[in-house]
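Written out below as structure tokens is the structure these notes cover.
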Amino acid sequence: MEALTLTQPDDWHLHLRDGAALRAVLPHTVRQFARAIIMPNLHPPIRQVSEAAAYRRRILAAVPAGQLFEPLMTLYLTDHTSPAEIFAAQASGFVKAVKYYPAGATTHSELGVTTLDRCNQVFEAMEAVDLPLLLHGEVTDGAVDVFDRERVFIERHLIPLKQRFPGLRMVFEHITTLEAVQYVLSTDLMAATITPQHLLLNRNSLFQGGLRPHAYCLPVLKREHHRQAILQAATAGNPKFFLGTDSAPHSRDRKESACGCAGCYSALHAMELYAEAFESVNALDKLEAFASFYGPDFYHLPRNSGSLTLTKKPWQVPQTLPFPDSELIPLGAGQTLSWQIASPG
Ligand code: NCD
Ligand code: ZN
């Protein structure tokens, strides 16, 4: 049987939620990944180091017995974040980055930043202590077409921000466009995460035979030429591009609704989905560095010492998964994937 053994990977962009939802989804991540960058968009968000410490303890308490997992925490940036909080974050050792959500851009972003300029002192502090800034890179201007929001964010906000803080390391999260790929390639101290859905699907998937809420996430899926650009970037063996699932669980009833939530659930089968995407362009030999090397290198953390083996053995993605008071529909439910996780090492 064909097998692929990789250094154990990490997920550099993950939503775990809290409470019973956290306990439902965390085992899926732990089965594959040694570490993950944990998104802070809880309700209310994780704005302080003390809140990150408490959330980290709740995550560790939910790790299945006998398994190892290290949550890498982030703080949620607001108009009121203080430079002192940044220094405390850096001193904590467990806060690894700060997350920028434009106010109103996505799930639980109401308390996000209204104007980037309000955070100048915070960015100065982050630049000084070398704490990375993670960007949800979309404008929220209602006059901008929803499919253009990432591209316009680059021109309107990211280029000026980078000019003001050239030494601030940034991750352009879940990139979806050719323009984002080109910008990351041309800019120093700028990396990007890439999700499985943006590698595997284009925007036609949102409307295939009807409206498909489980393929809806933010930034929304784009045209095929954008998908090809990010697939090319992910599989090029360039350390600027690494794995971040953006697995974002929402219950079935909140997705299948008159106003459905944004987010795809991929934690169940993330590595299998990435393997499918890499194999589609004969680039399985580039998967290990994308999944296991470039992320820790960017975050100045050691690479993992364990391993993960995938075997070529078709299996069907389940239609539903258990989730508190409801169900969870995984990305690609009911479809057949060709790679399967064999043995966590
Ligand atoms: C995320 C969520 O649900 O928390 N949703 C999504 O579509 N990606 C928020 C986010 O990362 O935008
Ligand atoms: Zn996200």
Side-chain angles (χ1 to χ4, degrees), residues 10-19 21-22 24-26 29 33 36-47 55 59 71-77 96-113 132-140 146-147 149-150 153 170-177 180 191-201 203 205-206 212-222 230 242-257 259-267 270 273 295 323-324 326 328-331:
D10 305 298
D11 184 351
W12 300 95
H13 183 129
L14 176 65
H15 299 269
L16 283 178
R17 316 303 189 202
D18 210 342
L22 163 67
V25 298
L26 183 60
T29 289
F33 299 107
I37 283 276
I38 309 301
M39 288 295 131
N41 63 330
L42 301 185
H43 194 60
I46 303 294
R47 284 164 287 184
Y55 185 30
I59 296 167
L72 308 170
M73 309 308 291
T74 60
L75 295 187
Y76 181 110
L77 185 65
K96 299 297 185 194
V98 174
K99 179 69 190 278
Y100 161 77
Y101 290 102
T106 187
T107 309
H108 298 156
S109 64
E110 300 79 10
L111 296 175
V113 174
L133 176 65
L134 313 184
L135 299 152
H136 184 108
E138 288 194 288
V139 295
T140 52
V146 70
F147 293 97
R149 289 183 179 180
E150 183 174 285
F153 178 82
M170 302 186 201
V171 184
F172 199 160
E173 297 288 331
H174 41 51
I175 57 166
T176 62
T177 57
T193 52
I194 299 181
T195 76
Q197 64 267 25
H198 294 109
L199 291 175
L200 290 165
L201 307 176
R203 68 188 197 177
S205 301
L206 290 166
R212 299 288 187 162
H214 300 291
Y216 173 58
C217 67
L218 287 170
V220 70
L221 297 172
K222 301 297 191 300
I230 64 162
F242 48 82
L243 185 157
T245 62
D246 195 19
S247 179
H250 291 279
S251 63
R252 178 177 195 165
D253 49 299
R254 302 184 111 233
K255 295 282 296 173
E256 298 175 8
S257 143
C259 186
C261 293
C264 295
Y265 187 67
S266 60
L273 292 166
F323 199 61
S326 180
L328 195 54
I329 311 292
L331 183 65

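Atoms within each ligand, like the ligands themselves, are counted from 1 in listed order.
- Residue-level proximity to ligand 1 for His250 is carried by the side chain, the only part with a heavy atom below 4.0 angstrom.
- Formation of a donor-acceptor pair under 3.5 Å by the His198 side chain with backbone atoms of Pro219 is found in this model.
- Ranking the protein heavy atoms by distance from atom 9 (C) of ligand 1 puts Thr106 OG1, 3.3 Å first.
- The shortest distance between side-chain heavy atoms of Lys99 and His13 falls below 4.5 Å.
- Heavy atoms only, all atoms of each residue included: Leu331 and Ser266 are closest at CD2-CB, 4.3 Å.
- Atoms of ligand 1 lying under 4.0 Å from at least one heavy atom of His136, given by number and element, are 12 (O).
- Residues Asp11 and Gly244 share a closest heavy-atom pair of OD1-CA, 3.4 Å.
- Ring geometry, Phe172 versus Phe153: the interplanar angle falls from 30° to 60°, so the pair is classed tilted.
- Looking only at N/O/S atoms, Asp246 comes nearest to the Zn ion (ligand 2) through OD1.
- The single protein non-hydrogen atom nearest to atom 7 (O) of ligand 1 is Leu218 N, 2.8 Å, given as residue, atom name and distance.
- Within the 4.0 Å heavy-atom criterion, both parts of Cys217, backbone and side chain, lie near ligand 1.
- Paired with Glu150 under the rule side chain to side chain contact (heavy atoms under 4.5 Å, CB included), one option of Val139, Val220, Thr176 passes, and it is Thr176.
- The two residues Pro213 and Lys255 have their closest heavy-atom pair at O-NZ, 3.0 Å.
- The backbone N or O of Gly112 sits less than 3.5 Å from a side-chain atom of Tyr76, completing a donor-acceptor pair.
- Looking at His15 and the Zn ion (ligand 2) together, the shortest N, O or S contact belongs to NE2.
- Using a 4.0 angstrom heavy-atom cutoff, Gln197 does not count as in contact with ligand 1.
- Counting heavy atoms closer than 4.0 Å to ligand 1, residue Met39 contributes nothing at all.
- Here His13 reaches the Zn ion (ligand 2): one of its N/O/S atoms is less than 2.8 Å from the metal.
- For ligand 1, the atoms sitting less than 4.0 Å from at least one non-hydrogen atom of Arg17 are 2 (C), 3 (O), 4 (O), numbered in the order shown with element in parentheses.
- Ala24 and Phe323 get closest at one heavy-atom pair: CB-CD1, 4.1 Å.
- Of the protein's non-hydrogen atoms, the one nearest atom 8 (N) of ligand 1 is Asp246 OD2, 2.7 Å.
- Each of the following atoms of ligand 1 lies closer than 4.0 Å to a heavy atom of Ala248: 1 (C), 2 (C), 3 (O), 5 (N).
- The distance criterion of under 3.5 Å between nitrogen or oxygen atoms is met by Ala262 with respect to ligand 1.
- Relative ring orientation between His108 and His43 is described as parallel, the plane-to-plane angle staying below 30° on a 0-90° scale split at 30° and 60°.
- What sits closest to atom 11 (O) of ligand 1 on the protein, heavy atoms only, is His15 NE2, 3.1 Å.
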